[in-house]
2 protein chains.
Amino acid sequence: MPKQNQYEFWPKIVLPIPNMSPSNTTIRDVARLSGVSPMTVSRVINDSERVSPETRRRVEEAISELGYVPSRLARGLSRQRTGTLAVIVPDVANPFFTAVVRAAEEVARRADYQVILCDTRADLNVERDVIDELIAHRAEGVVIAPVSDRSAAQLRRLAEFGVPFVLIDRTIPEIDCDVVLGDSTGGARQLVEHLISLGHRRIGFIVESDDVSTARDRRRGYEAALSAAGIALDPALVAHAAPDPSGGSAGMRRLLELEDRPTAVFTVNNLVALGAIEAVRAAGLEVPDDVALVCFDDIEYASRLYPFLTAMEQPAQTFGTLGTQLLLERIEGRGPERRHEVVLPGEFIVRKSCGAK
Amino acid sequence: MPKQNQYEFWPKIVLPIPNMSPSNTTIRDVARLSGVSPMTVSRVINDSERVSPETRRRVEEAISELGYVPSRLARGLSRQRTGTLAVIVPDVANPFFTAVVRAAEEVARRADYQVILCDTRADLNVERDVIDELIAHRAEGVVIAPVSDRSAAQLRRLAEFGVPFVLIDRTIPEIDCDVVLGDSTGGARQLVEHLISLGHRRIGFIVESDDVSTARDRRRGYEAALSAAGIALDPALVAHAAPDPSGGSAGMRRLLELEDRPTAVFTVNNLVALGAIEAVRAAGLEVPDDVALVCFDDIEYASRLYPFLTAMEQPAQTFGTLGTQLLLERIEGRGPERRHEVVLPGEFIVRKSCGAK
DNA sequence: CTGTTAGCGCTTTCAT
DNA sequence: ATGAAAGCGCTAACAG
């Protein structure tokens, strides 16, 4: 079990480092070598039509001979556009966001945009810093799953700087922009109704703070399902916790300590479910026998190995694809005046954790 | 079940888009407003000492009044350094690399570097393109888990451009540079010896192509364990496959079709194991009863939900941390002449898939 | 402590 | 079809 600083003294091997000397070839070097002006070289590297085939050939030869690669910095500064856009998520390690990010990158790449991926770790301050960096970088647009409603300030900042953005997974009350959402309310309702149909009456809910739209919407769905079934809402059954495994554990522990503890629990997402399950087991109980459990979002690899979580699976890739497409439309001015609000239905997947036969 | 183009016609909501007009405030605007020269403003934003407190105050006031954010493009072009480094992995969605990436980003951020994350999808061409982009961006260094030995060309290209890089997880024969590795050979040997100690004699191996160093090294460990136990190597038991779940399935299917099929299988990594298990189940068999299984790398969330895979877990975060630290040393010229080669031991975790009691 | 002068490497605009 | 001049926004290197 390596300790953190075990590698303070690295094992060393005596081998030469390759000779690295920055080769700073510029457009002028290419121009000189091919006997034309920098402007002509510029035309060649930008596939402008107005270059004679012969000149083009000579320039291209010089380029490959010199191993010239145009500087994006200079080009960006001069053109006043960077061809870069950003994807910001609260946690890349969450399989849901991992999928979102991959899809977004794919679309961006195909449209010839570079993408900068930013992980805020659900930290508002990191998010602020990251957004400032992106402004400094003159990113042309941002696809973002914001930390919470309090991200509004930084988004307004983006808007001030004329950087278009689209929200994914989460809305923010005062922010009007394109947005790609899951059907949180409907999905939650469906999950909870399923538990009710299984005979549960005391159903817990582990959820993050109310300033995240998905948390609010899913709570709404939870309440709607209960009320439709004539079950009174018991505030003690709603446990607020961080939206990660340790939050899930903490939340579940609190629910289990209740006098009249729930027989079933709905967690706001996959990672919370994970922690909740661990807490159940730590208490010497079992899912679903002692506590049934349903949640939002799947954990793909886990489910492939062991189909356990009954979940409302959201089409993560589509969040990324669509979000990026909408963003590209805005960037390229093709977007309509009115904003898009896309709501993607989830897929209800019944597995073992809910205890359905 | 949403079809791909169901969203060709997005639902629209009539809401105004915030008025976005690019605010192009430059250092000169700030200079003008605060009544100093651009140079003084530059000094202020760079925390240079040589500015009187009063001037500094006025400048800072102007900055916040104008909402000025210095352009990284211009700064980079002028300073001839971008403060950007890149992390390249073959698959961010692989929990192992997800962890690597997060750790790397953390270290980079603390050293005030921006990081660009690139996912090559194990595609050599994507890798080449990505590296070209990074050169164009004038990234200052690269931490890379290369696709295969054939990545050598693009790494040499990096070196030509004076971009330092460190290899993680995988070495490349002709490339001498800092590298952070796991103990593939030793780890593989330990895994296979464990299977042997459980009584297995026919042990299969599902592995990717031999031009990836980890594949070679793990095969070496596999063979060493067999030979130490006096078990003859049967080439039919070594299945080559893509290093992902579908590759794992394909590989396992081939092994199961053998006349004298293996009673245990070692897979080169976590994702291959996943596919292999699916194939076993699809064949109506069970792990570990019909086929025992061990692999490299854990699938964290899956294991938390259901501790199943017997695996050689590698300290992924340390790969990222150390790799980035080494890179930073190189970038900042603090690195020693000789290269570092760090080999991190794995942790052998016995769970159910190997069938140990 | 502050300002001036030159670029950084590319592209835009306008000539030719 | 090609080139010259100017400038994108910033900072290094010198003044003063």
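In what follows, chains carry the letters A, B, and so on, assigned in the order in which the sequence lines appear, proteins first and then strands, with residues in each chain numbered from 1.
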Trainee: Between B/Arg102 and A/Asp91, does at least one N-O distance fall below 4.0 Å, as a salt bridge requires?
Mentor: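 Answer for the salt bridge query: yes.
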
Trainee: Any ion pair linking B/Arg58 and B/Glu61 (charged N to carboxylate O, less than 4.0 Å)?
Mentor: no

Trainee: Just the rounded figure in Å: distance from C1' of D/dT2 to CZ of A/Arg56.
Mentor: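 That distance rounds to 13 Å.
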
Trainee: Answer yes or no: does atom CZ of A/Arg150 have more than 12 heavy-atom neighbours from other residues, nucleotides or ligands under 6.0 Å?
Mentor: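 Atom CZ in A/Arg150 is not packed in, count stays at 12 or less.
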
Trainee: Rounding to 10°, can you tell me the angle the first-five-pair axis of the helix from C/dC1-D/dG16 to C/dT16-D/dA1 makes with its last-five-pair axis?
Mentor: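 The helix from C/dC1-D/dG16 to C/dT16-D/dA1 shows an end-to-end axis angle of 30°.
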
Trainee: One character per nucleotide, please: for nucleotides 4-11 of chain C, 5' to 3', B when the base has a protein heavy atom closer than 4.0 Å, S when only the sugar-phosphate does, - otherwise.
Mentor: B--BBBBB

Trainee: What's the spacing between B/Phe165 CZ and B/Ile131 CD1 if we round to 0.5 Å?
Mentor: 8.5 Å

Trainee: What is the distance from atom CG of B/Leu85 to atom CD of B/Glu105, rounded to the nearest 0.5 Å?
Mentor: 10.5 Å

Trainee: Using side chain to side chain contact (heavy atoms under 4.5 Å, CB included) as the criterion, point out the one residue from B/Leu117, B/Ile88, B/Val143 that pairs with B/Val101.
Mentor: B/Leu117

Trainee: Between D/dG9 atom P and B/Arg32 atom CZ, what is the distance in whole Å?
Mentor: 11 Å

Trainee: Starting from C1' on D/dT2, measure out to CD on A/Glu54 and report it in whole angstrom.
Mentor: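 Taking CD of A/Glu54 and C1' of D/dT2, I get 14 Å after rounding.
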
Trainee: Evaluate the side-chain hydrogen bond (donor to acceptor under 3.5 Å, both in side chains) criterion for residues B/Asn24 and A/Arg138: first the C-alpha distance (whole Å), next the side-chain angles of each, then the deciding distance (0.1 Å), finally the verdict.
Mentor: CA-CA 10 Å; B/Asn24 267 334; A/Arg138 305 299 190 252; 5.1 Å; no

Trainee: Over how many whole Å does the gap from A/Arg50 atom CZ to C/dT13 atom C1' extend?
Mentor: 14 Å

Trainee: Can you tell whether the side chains of B/Arg121 and A/Glu106 come within less than 4.0 Å, N to carboxylate O?
Mentor: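 Counted as a salt bridge, because a side-chain N and a carboxylate O are separated by less than 4.0 Å.
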
